[in-house]
Amino acid sequence: MPSESKGIKDDLRRLKRAVLRIVSDVWFLNRISQFCFAIGLSGVGGIGVIFAIPYLYENYSDNVIFYVRLLGCFLAMEMIVNWLCIRYVDTSYNPFRDGIMPDGVLMGQNISRLDKADENQNNGIINNHGRKDATAIDMGNNGSLMYVASEMPTSAEEPPKRTAYPYFSWTPCLRCNRPRPPRCHHCPMCNTCVLKRDHHCFVSGACIGYRNMRHFTVFLFWGAVATTFATLHALPYYYYDVLPYTSYFDFIFPIAVTRAMFGYIDMKHAIFIVLGWILLAFLMWAISFLQVVAELINTGKTTFENGYKMELTDTRGIFGKLRSVFGNYWILNFIIPLHYVFEPVDDPVKWPYIKA
Ligand SMILES: [Zn+2]
Ligand SMILES: [Zn+2]
């Protein structure tokens, strides 16, 4: 019996090492993906504006080429500026700036129900020792419950003790060693608690949250426009300059690459076919993400809350919800980033308009 339990312990230790390896790979991915994206974006934008546009518009006047290039530069600039804003606008929870847990509010008290004081005397805090899933969600009588690491383990092998809190409450963060407001979650990659955390974005290497959701939305919007613009220019190019030298089967890109390697078609054309599929992937990606983000703004939820189908209502109308993401004059953000001038109109700590 003891040897068997020792075997299981060894297995667990191996499993832990494997998981740590994957996590450190994610770190690596997070580091390199943002540089690849920044270089790729400026490279593709630069090549498009410098070479592709004059080539595709050679039968038009210089004026037309100038304005198409201007549009190309504008799209690339909007994407780069908003990418930098996603990356560098600080959306982490700062108690000195955003406020601390108010007096009279208890850890694990659903703050959206504070006005109904009687119901909330014992707002069910359930101890749940050894629960492993950090973000497990239950739907109980008190709404959604979230299992949060609440006590340090005594030894390295043990998991931290976890406690079930109502989702819409102040909870402890063991990593930051302080309480954090509702909807604020700790990101292991950014190593900080992020206000209204939506997700960690590998394209920019930063978390999307309360303060930079606007830049993420604007980035996706111009990304969708730029990829549509590029696709509309690529289609005639494929029709007139690639298709006559290849066959319809070559548009299945592994066939094109294989045939190019054996010298049946030009390698240049095979590369253009691969790039065409990448462009198509980015087009679909930008449009589908933009649709998801529009839905999130419309419901006032985060990806996390949406994923767990939490019953959480933003009581404002659509313009209130837009102001809570973009600040006043929301449409201006699509031209210039205005996060210093018009902060989001909301309270990222007290959430007065949310009923959960
Ligand atoms: Zn934290
Ligand atoms: Zn993050």
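Just follow the structure's listing: the first ligand is 1, and inside any ligand the first atom is 1.
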Discussion item. Measuring centre to centre across the rings, with the benzene-like ring taken for any Trp, is Phe221 within less than 6.0 Å of Phe334?
Written reply: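 Phe221 vs Phe334: aromatic centres under 6.0 Å.
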Worksheet item: Is the Zn ion (ligand 1) under 2.8 Å from any N, O or S atom of Cys173?
Response: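 A backbone or side-chain N, O or S atom of Cys173 is under 2.8 Å from the Zn ion (ligand 1).
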Worksheet item: Taking the N/O/S atoms of His200 one by one, which is nearest to the Zn ion (ligand 2)?
Response: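 Looking at His200, the N, O or S atom with the least distance to the Zn ion (ligand 2) is ND1.
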Worksheet item: Regarding Arg183 and the six-membered ring of Trp351, is the cationic atom NZ or CZ under 6.0 Å from the ring centre and inside 45° of its axis?
Response: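 Arg183 over Trp351 ring: yes.
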Worksheet item: Would you say Asp11 and Arg14 make side-chain contact, with heavy atoms under 4.5 Å?
Response: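 A side-chain contact under 4.5 Å exists here.
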Practice prompt. Decide, counting backbone as well as side-chain atoms, whether Cys207 has an N, O or S atom less than 2.8 Å from the Zn ion (ligand 2).
Written response: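 Yes, since at least one N, O or S atom of Cys207 sits under 2.8 Å from the Zn ion (ligand 2).
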Discussion item. Out of the candidates Lys350, Arg211, Arg178, only one should pair with Asp98 under the salt bridge (Lys or Arg N to Asp or Glu O under 4.0 Å) rule; please name it.
Written reply: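 Among Lys350, Arg211, Arg178, the one meeting salt bridge (Lys or Arg N to Asp or Glu O under 4.0 Å) with Asp98 is Arg211.
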Item to complete: Output the atom name for the N/O/S atom of His186 with the smallest distance to the Zn ion (ligand 1).
Response: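 Atom name returned: ND1.
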